[in-house]
Participant: 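One structure follows; several queries about it will come next.
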Amino acid sequence: MNVRRTCAASAPVVLLVAALAGCGVSGSAAAADPKPPPAPTESNPPGDIPDNQAYVVFKPSTGGFTVSVPEGWARTSTGPDTAFTDKLNRIEVSEHAAATAPTTASVTARDVPALAKAVPGFSPGKASEVSRKAGKAVLYTYEGTTAPDPVTGKALRDAYERYVFHHNGRDVVLTLSGPVKADNVDPWRTVTDSLRWQ
């Protein structure tokens, strides 16, 4: 009789211990599974053009070609030259008569000395031939120093890509520039691939 009472009395205790043990296992599992770390804050170098940037078609008043440029950028024109700017980036579009197509040698001999005089802090790069959807072009890369910021007084180093295309006796020059550490490979490719002859 006493044995039966002891077993009956201990049953709730066993259940309680099991329940507590179960809670302990659950708590240990939760402690072993910490919260995921917060997503890192994206920090793009100054001058990076957003991946979702929209583009619009630019056609000069003289006709002859079109090219896509980032939508919303400020536009200024001086004669045959048109510039599109936004914060730290710039795209210049110009055209002029040319009897023959450019070569790496002709660009190096004719254009580089002029660039060295016109671009502050000019640092020469190299000339190469590249292919785009509009055809062959001569690409000349170089660096320069921007004008000092009117507020901070600081100047930046810019990387330049200058493409010279030729068609029907005319050269079209696309010059794209931005801070040297900006990663604008894709936007610059979008612009240079968009050139169309008309």
Side-chain angles (χ1 to χ4, degrees), residues 44-98 102 107 110-125 127-128 130 132-135 137-167 170-198:
N44 295 328
D48 269 16
I49 298 172
D51 293 338
N52 61 351
Q53 173 67 56
Y55 295 82
V56 294
V57 175
F58 165 68
K59 181 177 181 179
S61 58
T62 55
F65 71 94
T66 62
V67 65
S68 294
V69 296
E71 184 178 28
W73 286 23
R75 171 180 167 179
T76 57
S77 297
T78 305
D81 303 333
T82 302
F84 299 88
T85 56
D86 179 64
K87 299 176 183 176
L88 302 177
N89 297 300
R90 181 180 178 89
I91 297 173
E92 295 180 21
V93 183
S94 64
E95 61 175 323
H96 58 267
V107 166
R110 178 192 64 198
D111 297 349
V112 173
L115 291 171
K117 293 180 180 180
V119 179
F122 178 79
S123 178
S128 60
V130 296
R132 292 294 185 266
K133 292 182 178 179
V138 174
L139 165 63
Y140 184 69
T141 59
Y142 56 98
E143 291 185 9
T145 303
T146 66
D149 184 278
V151 177
T152 65
K154 294 181 178 180
L156 299 175
R157 288 295 290 175
D158 270 358
Y160 291 79
E161 295 183 9
R162 184 176 184 272
Y163 297 79
V164 185
F165 295 86
H166 182 83
H167 184 72
R170 298 193 69 78
D171 280 352
V172 170
V173 182
L174 304 179
T175 304
L176 311 101
S177 60
V180 292
K181 293 184 179 180
D183 181 11
N184 288 329
V185 173
D186 291 339
W188 288 166
R189 184 62 185 245
T190 297
V191 173
T192 56
D193 254 345
S194 72
L195 181 68
R196 297 289 184 273
W197 304 112
Q198 295 188 331

Participant: Can you give me the closest heavy-atom contact between F165 and T192, atom names plus distance?
Facilitator: CZ-O, 3.9 Å
Participant: Could you walk me through whether T76 and T82 pass the side chain to side chain contact (heavy atoms under 4.5 Å, CB included) check?
Facilitator: CA-CA 6 Å; T76 57; T82 302; over 6 Å; no
Participant: For the residue pair S128 and Y140, establish whether any side-chain heavy-atom pair is separated by less than 4.5 Å.
Facilitator: no
Participant: Are side-chain N/O atoms of R157 and T145 paired as donor and acceptor at under 3.5 Å?
Facilitator: yes
Participant: To the nearest 0.5 Å, tell me how far I49 CD1 sits from D183 CG.
Facilitator: 10.0 Å
Participant: Minimum heavy-atom separation for A182 to P46, with atom names?
Facilitator: CB-O, 3.5 Å
Participant: Between W197 and H167, how do the two ring planes meet: parallel, tilted or perpendicular, split at 30° and 60°?
Facilitator: parallel
Participant: Return the minimal non-hydrogen interatomic distance between S177 and W188, and the atom names on each side.
Facilitator: O-CZ2, 3.6 Å
Participant: Going by atom types only, do E161 and Y163 share a side-chain donor-acceptor pair under 3.5 Å?
Facilitator: yes
Participant: A side-chain contact here means heavy atoms from C-beta on lying under 4.5 Å apart; do P120 and F122 qualify?
Facilitator: no
Participant: State whether the side chain of D158 and the backbone N or O of T146 hold a donor-acceptor pair below 3.5 Å, judged by distance alone.
Facilitator: no
Participant: Give the intermediate values and the outcome of salt bridge (charged side-chain N to carboxylate O under 4.0 Å, His left out) for residues D111 and R162.
Facilitator: CA-CA 10 Å; D111 297 349; R162 184 176 184 272; 2.9 Å; yes
Participant: Quick one: closest heavy-atom pair of S68 and Y55, and the distance?
Facilitator: CB-CB, 4.2 Å
Participant: Does Y160 use its side chain to pair, donor to acceptor, with the backbone of L176 at less than 3.5 Å?
Facilitator: no
Participant: Under the salt bridge (Lys or Arg N to Asp or Glu O under 4.0 Å) rule, collect the residues that match up with R189, sequence neighbours excluded.
Facilitator: D193
Participant: Under the side chain to side chain contact (heavy atoms under 4.5 Å, CB included) criterion, do F58 and T66 qualify, and how do the steps go?
Facilitator: CA-CA 6 Å; F58 165 68; T66 62; over 6 Å; no
Participant: Considering all heavy atoms of both residues, which atom of E143 and which atom of V119 are nearest to each other, and what is their separation?
Facilitator: O-CG1, 4.4 Å
Participant: How far does CZ of F65 sit from NZ of K59, to the nearest 0.5 angstrom?
Facilitator: 10.5 Å
Participant: Do the side chains of R132 and L195 get nearer than 4.5 Å, heavy atoms only?
Facilitator: no
Participant: What donor-acceptor contacts under 3.5 angstrom involve side-chain atoms of residues 84-98, with partners at least two apart or in another chain?
Facilitator:
| from | atom 1 | to | atom 2 | distance (Å) |
| --- | --- | --- | --- | --- |
| N89 | OD1 | N184 | ND2 | 3.4 |
| N89 | ND2 | G47 | O | 2.8 |
| R90 | NE | E92 | OE2 | 2.7 |
| E95 | OE1 | R170 | NE | 3.2 |
| E95 | OE2 | T62 | OG1 | 2.4 |

Participant: Between D171 and P102, what is the shortest heavy-atom contact and its length?
Facilitator: OD1-CD, 3.8 Å
